[in-house]
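Down below is the structure, laid out as structure tokens.
Residue numbers begin at 1 in each chain, while the letters A, B, ... track the order of the sequences.
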Amino acid sequence: MRACFSKHVRLLKPDEFSRVFKNPVRSSDRYLTVLAVARDEVKIENSDFGSRLGLAISKKNAKRAVDRNRIKRLIRESFRQNQQNLPAIDLVIMAKPGTKSAKNQQIFQSLEQHWNKLAKNFKNQDV
RNA sequence: GAAGUUAGCUGGGCAAUCGCUGUGUUAUUUUUCCGUGUGAAAUCUGACAGAGAGGAAAGUCCGGGCUCCAAAGGGCAGGGUGCCAGGUAACGCCUGGGGGGUGUAAGAACCUACGGCUAGUGCAGCAGAAAGAUACCGCCUCGAUUUUUAUCGGGGUAAGGGUGAAAUGGUGCGGUAAGAGCGCACCGCGUUUACUGGUAACAGUGACGGCAAGGUAAACCCCACCUGGAGCAAGACCAAAUAGAGAAGCUGAGGCGUUGCCCGCGCUGCUUCUGGGUAGGUUGCUUGAGGCGUAUAGCGAUGUGCGUCCUAGAUGAAUGAUUGUCACAACUCAGGUUGUACAGAACCCGGCUUAUAGGCUAACUUCACCU
RNA sequence: UGGGCCGUCGCCAAGCGGUAAGGCAACAGGUUUUGAUCCUGUCAUGCGGAGGUUCGAAUCCUCCCGGCCCAG
């Protein structure tokens, strides 16, 4: 699988977002909160397997547009590199107030921990 | 060379790897249409080529284009601007000039909401006699009482005192009962007037007025000029749906839209109940009052001619990440370590305002040195 | 992205050119055996910030800062 990031691996519609917010598995640390839900079986039949990503970076937590853009880009980059390790889930990532002052490497480390944690969780559920 | 002032430009560079979003070419997957040409259209995934944040993209404070409302029409109301001339698509912007003010070692510079209180109305707490036509103290004079002092009453007076942010031109001389532009000289003042210069604002000179009662228009207002409303979530197209149906009620001088109101104009029956049901996509969307170079007119803003270039177009929202190296800054004996301003397009332009590390250039002023 | 509104004490607020009302809360005192209620007093703490107009700005004007609402 290629490490690409195009439209069909993102959450696009309000319905998809609200489905994640409704009943999520949480994973959070001081920088980010990750919400995850297993994907619908029916929809998976039509498209390819894999996880999908949605971002929710509020103006409250990162006031400047530059910061918001930076956070989103870092999350996408990390997701792109790690998506082959993830199960078929929908993710929503939210920023916390401390995120904007964190360095790029710190955010990457935080994200990797989240990926590992989620991968373990969902494998256990399947078993 | 140093310091200062002003104006303009720039906004880290290069390389490697992995990605993202448009465009073009090409291959491929799937679908649809005509109907069977290896057509047309859409779609998916690759490859290659070339492109991909700003000077403020920001604040949304002005002005325009564009779109709809009648390609906006009349009146009132409302809003805006306010020395003069020019520039511009337009402006509350810019350029040049005038008046006023600030400031420096330097008249280098900088700032300026700068029409009209003699059209009318209003306002000025406290203090003060008085804040708009004024006599508290004081000064002078007349009358009465009185030996005088003094007291009371009538009148004149704004020179002096005191209050205030502000008190009716200033100084001197004359003049007077005391005073007063009452008169004169100088200075100041001016919807007065003549001449000169200037397109004009205005400036200068002379004469005249005797100063006419002040301040405040970012107070109402008056004058002159400008101004229709809403905004790309405008609007257009495609598909679904609001449908259609039934019942009841209301009115035709009605309802809806167009601006706050009145006209005018356009569309049209309206309301409630029953029942049923929802989904978005495409376009607008980037070639423009465009950039660059050059010639030319102009003090300048800017205009004109010629040549040349095509340079983001996202939509849960692309323009990135990592590494190396160079540049700069801070720390450090060195090795090295850390950091690199303000900040992210959303229909597009012209301004203004605010934020901004560092670097570069030019002009002017003063000082120092050399010839 | 566009359009609109608001900042006055810890909270709710009036005032809109002339010394910034009032209520709640807080604090102190009184009443009471104690507490609540009630009474009296205090509240130097405030007009979001910076300029300007004015003799004088919370109020008028300009520019910023912060917050809220509406439009798919």
Side-chain angles (χ1 to χ4, degrees):
Chain A
M1 194 167 181
R2 289 181 50 83
C4 60
F5 183 73
S6 59
K7 239 178 200 176
H8 62 85
V9 291
R10 303 186 212 171
L11 298 184
L12 294 171
K13 297 189 177 165
D15 291 350
E16 298 169 348
F17 272 85
S18 55
R19 204 175 69 81
V20 177
F21 279 113
K22 235 179 180 176
N23 210 356
V25 175
R26 276 175 185 278
S27 166
S28 62
D29 61 6
R30 53 184 292 219
Y31 298 119
L32 300 164
T33 300
V34 180
L35 308 178
V37 164
R39 291 188 64 176
D40 269 340
E41 305 263 336
V42 184
K43 287 186 180 172
I44 293 174
E45 284 180 15
N46 299 330
S47 58
D48 50 343
F49 288 84
S51 53
R52 296 191 298 173
L53 179 69
L55 296 166
I57 315 297
S58 72
K59 243 182 190 177
K60 228 177 188 178
N61 292 332
K63 200 150 178 261
R64 294 185 305 167
V66 177
D67 292 330
R68 289 199 298 278
N69 275 344
R70 185 172 66 93
I71 293 165
K72 285 192 244 178
R73 283 167 185 157
L74 291 172
I75 293 170
R76 279 199 211 103
E77 181 69 15
S78 175
F79 176 78
R80 185 175 67 77
Q81 288 171 358
N82 291 287
Q83 61 181 319
Q84 59 264 45
N85 303 326
L86 289 170
I89 52 175
D90 283 345
L91 296 163
V92 172
I93 300 188
M94 301 196 296
K96 290 200 170 183
T99 314
K100 63 182 176 192
S101 53
K103 289 178 187 171
N104 291 2
Q105 289 206 330
Q106 289 176 310
I107 291 176
F108 274 127
Q109 282 177 5
S110 160
L111 280 165
E112 273 181 49
Q113 287 173 4
H114 285 305
W115 303 143
N116 292 334
K117 197 171 160 191
L118 287 169
K120 272 186 194 170
N121 272 358
F122 279 86
K123 269 179 194 170
N124 292 343
Q125 276 188 6
D126 292 344
V127 170

Any idea which of [options] is nearest the [X] side chain?
X	options	answer
Ala65(A)	G320(B), G344(B), U319(B)	G344(B)
Arg76(A)	G344(B), G339(B), A318(B)	A318(B)
Leu74(A)	G339(B), U319(B), A321(B)	A321(B)
Arg73(A)	U322(B), A53(B), G316(B)	A53(B)
Asn69(A)	G344(B), A317(B), U323(B)	G344(B)

Syn or anti for [N] (syn when the glycosidic angle lies within 90° of 0):
N	value
U338(B)	anti
A71(B)	syn
U40(C)	anti
G22(B)	syn
G55(B)	syn

Starting at [atom1] of [X] and ending at [atom2] of [N], how long is that distance when rounded to a whole Å?
X	N	atom1	atom2	value
Ile71(A)	G344(B)	CD1	P	13 Å
Arg70(A)	A318(B)	CZ	P	15 Å
Glu77(A)	C18(B)	CD	C1'	7 Å
Arg68(A)	G320(B)	CZ	P	17 Å
Gln81(A)	U323(B)	CD	P	12 Å
Leu55(A)	G320(B)	CG	C1'	14 Å
Arg64(A)	A341(B)	CZ	C1'	11 Å
Phe79(A)	C18(B)	CZ	C1'	16 Å

Can you check the distance between [N] and [M], where both ends of the measurement are the [atom1] atom (answer in whole Å)?
N	M	atom1	answer
G229(B)	C225(B)	C1'	22 Å
U28(B)	A321(B)	C1'	31 Å
G276(B)	U242(B)	P	13 Å
G24(B)	A236(B)	C1'	29 Å
U53(C)	G228(B)	C1'	34 Å
G143(B)	C117(B)	C1'	47 Å
A301(B)	C6(C)	P	44 Å
C222(B)	G122(B)	P	16 Å

Problem - Expected output: side-chain Gln109(A) to main-chain Gln106(A) donor-acceptor under 3.5 Å - result: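 Judged by distance alone, no pair lies under 3.5 Å.
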Residue pair [X] / [Y], side-chain heavy-atom distance below 4.5 Å:
X	Y	answer
Arg26(A)	Leu35(A)	yes
Arg70(A)	Val66(A)	no
Ser28(A)	Met94(A)	no

Partner lookup for [N], please. Criteria are Watson-Crick or G-U wobble with both distances under 3.5 angstrom; report none if nothing qualifies.
N	answer
C93(B)	G87(B)
U1(C)	A71(C)
G228(B)	C69(B)
G143(B)	C152(B)
G41(C)	C27(C)
G204(B)	C195(B)
G305(B)	U294(B)
U5(B)	A363(B)

So, applying side-chain contact (heavy atoms from CB on, under 4.5 Å) with [X], which one of [options] is it?
X	options	value
Lys72(A)	Ile57(A), Asp67(A), Ile93(A)	Ile57(A)
His114(A)	Asp29(A), Asn82(A), Ile75(A)	Asp29(A)
Leu91(A)	Leu55(A), Val25(A), Val34(A)	Val34(A)

Handout entry: Residue closer to the 5' end of RNA chain B, Lys72(A) versus Asn104(A) (nearest nucleotide)
Key =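 Closest to the 5' end, via its nearest nucleotide, is Lys72(A).
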Handout entry: Closest-nucleotide 5' rank along RNA chain B - winner of Phe108(A) and Ala56(A)
Key =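 Looking at the nearest nucleotide for each, Ala56(A) comes out on the 5' side.
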Handout entry: Gap separating the CD atom of Gln81(A) from the CZ atom of Phe108(A), nearest 0.5 angstrom
Key =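 Gln81(A) atom CD to Phe108(A) atom CZ measures 6.0 Å (nearest 0.5 Å).
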Practice task
Could you tell me whether the phosphate oxygens of G339(B), OP1 or OP2, come under 4.0 Å of any side-chain nitrogen or oxygen in Lys103(A)?
Solution key: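 Answer yes for this pair, as a side-chain N or O of Lys103(A) is under 4.0 Å from OP1 or OP2.
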Problem - Phosphate contact (U323(B) OP1 or OP2) by Gln105(A) side-chain N/O below 4.0 Å - result: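 Yes, Gln105(A) has a side-chain N/O under 4.0 Å of OP1/OP2 on U323(B).
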